[in-house]
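Structure first, then comments.
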Amino acid sequence: LASAATRRRNCSVAAAVFDNQNREYVIVGGGNAAGYAARTFVEHGMADGRLCIVSKEAVPPYERPALTKGYLFPPEKKPARLPGFHTCVGSGGQRQTAEWYKENGIEVLYEDPVEAFDGKTQTLKTSSGKILKYGSLIISTGCAAARLPEKIGGDLPGVHYIRDVADADSLVSSLGKAKKIVVIGGGYIGMEVAAAACGWNLDTTIIFPEDHIMPRLFTPSLAKKYEELYEQNGVKFVKGALIDKLDAGSDGRVSSAILKDGSVVEADTVIVGIGAKPSVSPFEAVGVNIEVGGIEVDSMFRTSIPSIFAIGDVAAFPLKMYDRIARVEHVDHARKSAQHCIETLLTSQAKAYDYLPYFYSRVFEYEGSSRKIWWQFYGDNVGETIEVGNFDPKIATFWIDSDSRLKGVFLESGTPEEFSLLPKLARSQPIVDKAKLKSATSVEDALEIARSSL
Ligand SMILES: Cc1cc2nc3c(=O)[nH]c(=O)nc-3n(C[C@H](O)[C@H](O)[C@H](O)COP(=O)(O)OP(=O)(O)OC[C@H]3O[C@@H](n4cnc5c(N)ncnc54)[C@H](O)[C@@H]3O)c2cc1C
Ligand SMILES: NC(=O)c1ccc[n+]([C@@H]2O[C@H](COP(=O)([O-])OP(=O)(O)OC[C@H]3O[C@@H](n4cnc5c(N)ncnc54)[C@H](O)[C@@H]3O)[C@@H](O)[C@H]2O)c1
Ligand SMILES: O=C1O[C@H]([C@@H](O)CO)C(O)=C1O
């Protein structure tokens with residue numbers, strides 16, 4: 001292995017010098033999980049001269065959630081920009097800039113995605129042709145945005161997808177000129193981008209195939225509250241609709257969305273948020289889970305091949321609490337899986353990851369918005385639901401299974417103390433008195449009833 005000093009010197013010399021050099025630890029992917037993994041290497045004194053990050057992006061790891069939140073504030077409302085939100089600031093940690101990686105002796109290869117992988121020789125080939133030999137490999141390639149096919153206009157100018165900061169820059173430049181936008185998809189991206197568009201005073205229509213927004217998590221009744229708020233902000237909904245194609249105007253830019261029923265929605269800018277696909281290529285041979293996609297790992301993020309690990313969005317891992325294999329496409333898991341994997345790898349402690357799912361969103365946060373929205377969900381959204389509160393501003397939903405166990409809990413506009421109760425409830429799954437919970441007179445009252453069942 002090269003010494004730290006040699007490695008640092010090599011960072012600045014010609015590409016060919018990198019070739020075939022052995023690297024003790026290589027992280028592929030420079031996203032959220034990679035940033036937290038790098039921090040864990042540093043905390044264990046194992047980064048300097050030993051760690052290399054190979055990234056497709058041009059900048060060091062950052063907190064991706066910011067891209068559809070602070071990043072999309074209109075220019076006069078002080079939008080977030082790099083280097084402001086490099087990892088690990090999103091969880092109160094240090095801001096790891098390019099200098100931080102240099103100071104800690106971490107080699108980062110930017111804009112040079114890994115294109116080929118050979119498990120036998122333990123080598124990776126990057127798009128610029130570098131051959132990297134690894135001791136241990138950590139796959140943290142995340143997800144890519146699902147796209148509409150090119151043949152139906154999915155690649156037209158003015159059609160945006162949002163996964164990385166380059167996508168966000170391109171979207172911001174379109175928003176600056178836009179008048180009428182169409183958002184395709186009623187999930188996280190759809191809801192966050194449509195709320196952001198309100199801040200730019202744009203005529204906004206959301207189109208999706210289901211009958212309510214956030215269909216993977218929200219109940220119809222919960223969704224209705226949020227939809228009404230969006231409508232009060234001028235957003236229009238077209239539900240139960242599929243896109244037939246996106247049409248271009250005479251300038252070649254997108255000009256409308258044509259729906260399967262033949263109706264036409266005009267738009268000068270389209271943002272597509274129709275889900276994400278795990279970026280398993282070129283690591284398919286490591287072992288892809290056929291049910292949830294992604295690279296299959298055990299409770300210490302080890303794949304079926306020794307010395308190869310996978311973390312974050314791309315990992316299909318045992319979700320111990322619910323006894324199933326899952327992929328979780330949220331930042332809390334990206335952070336925690338990275339820390340867990342690197343800690344167990346470096347300390348040889350056999351500790352199983354025992355994750356409690358946590359999702360959240362925040363929208364309408366920009367200054368001057370009539371109402372800010374912030375919600376959190378912990379646990380599993382299975383079983384019957386009890387909803388308490390009428391969104392003025394609080395509302396809570398409890399998911400309860402057939403044994404009366406509380407499985408999941410959602411809260412809008414809680415206080416920090418109230419939010420801190422949610423993981424305790426979802427983790428311990430207490431048996432709750434359903435009749436009492438249903439008769440709760442306020443969200444505060446309902447949370448107290450749930451707390452007393454702990
Ligand atoms: C716009 C947006 C907003 C989000 N907001 C929230 C939120 O509010 N709350 C929440 O909980 N979650 C949110 N998420 C999800 C969260 O960001 C992800 O769960 C998290 O980023 C996953 O981390 P990761 O490191 O696994 O993947 P990523 O952060 O996606 O990082 C993967 C990295 O690998 C790179 N890469 C891929 N293939 C290769 C290759 N072959 N070679 C080299 N590099 C490669 C990619 O370019 C990328 O840099 C959001 C996601 C997006 C896209
Ligand atoms: N707050 C957060 O946690 C947050 C915020 C933004 C993004 N993300 C992550 O980013 C990724 C992408 O988010 P997303 O919102 O695109 O995914 P999503 O799965 O949340 O939502 C996708 C939505 O697209 C719609 N859809 C699916 N197929 C369609 C089709 N062919 N035509 C039209 N609509 C279709 C559905 O309405 C579905 O709800 C996910 O991993 C998500 O977890 C998370
Ligand atoms: O977890 C998060 O990290 C970023 C941002 O807070 C970083 O500054 C963001 O918007 C989140 O929701």
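In what follows, every heavy atom counts, from backbone to side chain, and hydrogens, waters and symmetry copies are set aside. Ligands are counted one by one from 1 in listed order, and the atoms in each one are counted from 1 as well. Numbering of residues begins at 1 and proceeds along the displayed sequence.
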Distance from atom 3 (C) of ligand 1 to nearest protein heavy atom, with residue and atom = Thr68 OG1, 3.2 Å

ask   = Which one of Ser279, Ser127, Ala58, Gly142 has a non-hydrogen atom at the shortest distance from atom 27 (O) of ligand 1?
value = Gly142

inquiry  = Heavy-atom distances under 4.0 Å decide this one: backbone, side chain, both or neither, for Asp164 against ligand 1?
reply    = neither

ask   = Counting only heavy atoms, which portion of Glu329 has something under 4.0 Å from ligand 1: side chain, backbone, both, or neither?
value = backbone

remark   = Ranked by distance from atom 10 (O) of ligand 3, the top protein heavy atom is Arg362 NH2, 3.0 Å

query = For atom 26 (O) of ligand 1, what's the nearest protein heavy atom and its distance?
reply = Asp313 N, 2.9 Å

message = Out of all atoms in ligand 1, which are within 4.0 Å of some heavy atom of Pro65? Include the element for each.
response = 3 (C), 4 (C), 5 (N), 6 (C), 7 (C), 8 (O), 13 (C), 17 (O)

query = Can you tell which of Val54, Val59, Val331 gets a heavy atom nearest to atom 11 (O) of ligand 1?
reply = Val331

remark   = shortest atom 44 (N) of ligand 1-to-protein heavy-atom contact is with Lys56 N, 3.3 Å

key: Residue selection (non-hydrogen contact nearest atom 7 (C) of ligand 1) among Arg64, Lys69, Arg163, His330   = Lys69

key: Contacting atoms of ligand 2, where contact means under 4.0 angstrom from a heavy atom of Glu192   = 1 (N), 2 (C), 5 (C), 6 (C)

Atoms of ligand 2, numbered as shown, that sit under 4.0 Å from any heavy atom of Gly187 = 15 (O), 20 (O), 21 (O), 23 (C), 39 (O)

Atom 4 (C) of ligand 3: nearest protein contact (heavy atom, Å) = Glu63 CB, 3.8 Å

request  = Would you tell me which option among Thr126, Thr141, Ile162 has the nearest heavy-atom contact to atom 36 (N) of ligand 1?
outcome  = Thr141

message = Can you report which non-hydrogen protein atom sits closest to atom 48 (C) of ligand 1, along with the distance?
response = Glu57 OE2, 3.4 Å

remark   = Atoms of ligand 2 under 4.0 Å from any heavy atom of His330, numbered from 1 in the order shown, are 3 (O), 43 (O)

Element-labelled atoms of ligand 2 that are located less than 4.0 Å from some non-hydrogen atom of Phe208 = 37 (O)

Arg335 and ligand 3 - part of the residue with a heavy-atom distance under 4.0 Å = side chain

inquiry  = Within the 4.0 Å heavy-atom shell around Arg216, which atoms of ligand 2 are there?
reply    = 18 (P), 19 (O), 20 (O)

inquiry  = With nothing but distance in play, are any N or O atoms of Gly275 less than 3.5 Å from an N or O of ligand 2?
reply    = yes

inquiry  = Please report whether the ring centroid of Phe73 lies less than 6.0 Å from that of Tyr71.
reply    = no

inquiry  = Please tell me whether Tyr366 and Trp200 form a close aromatic pair, meaning their ring centres lie under 6.0 Å apart.
reply    = no

request  = Output the list of atoms in ligand 2 that are nearer than 4.0 Å to some heavy atom of Ile184, sorted by atom number.
outcome  = 33 (C)

request  = For ligand 1, note which part of Pro113 has a heavy atom under 4.0 Å away: side chain, backbone, both or neither.
outcome  = both

inquiry  = Less than 4.0 Å is my threshold; does some heavy atom of Gly30 fall inside it relative to ligand 1?
reply    = yes

inquiry  = Can you report which non-hydrogen protein atom sits closest to atom 2 (C) of ligand 3, along with the distance?
reply    = Tyr360 OH, 3.4 Å

inquiry  = Distance under 4.0 Å to a non-hydrogen atom of Pro215: what atoms of ligand 2 satisfy this?
reply    = 39 (O)

ask   = Taking non-hydrogen atoms only, is Arg362 closer than 4.0 angstrom to ligand 1 via side chain, backbone, both or neither?
value = neither

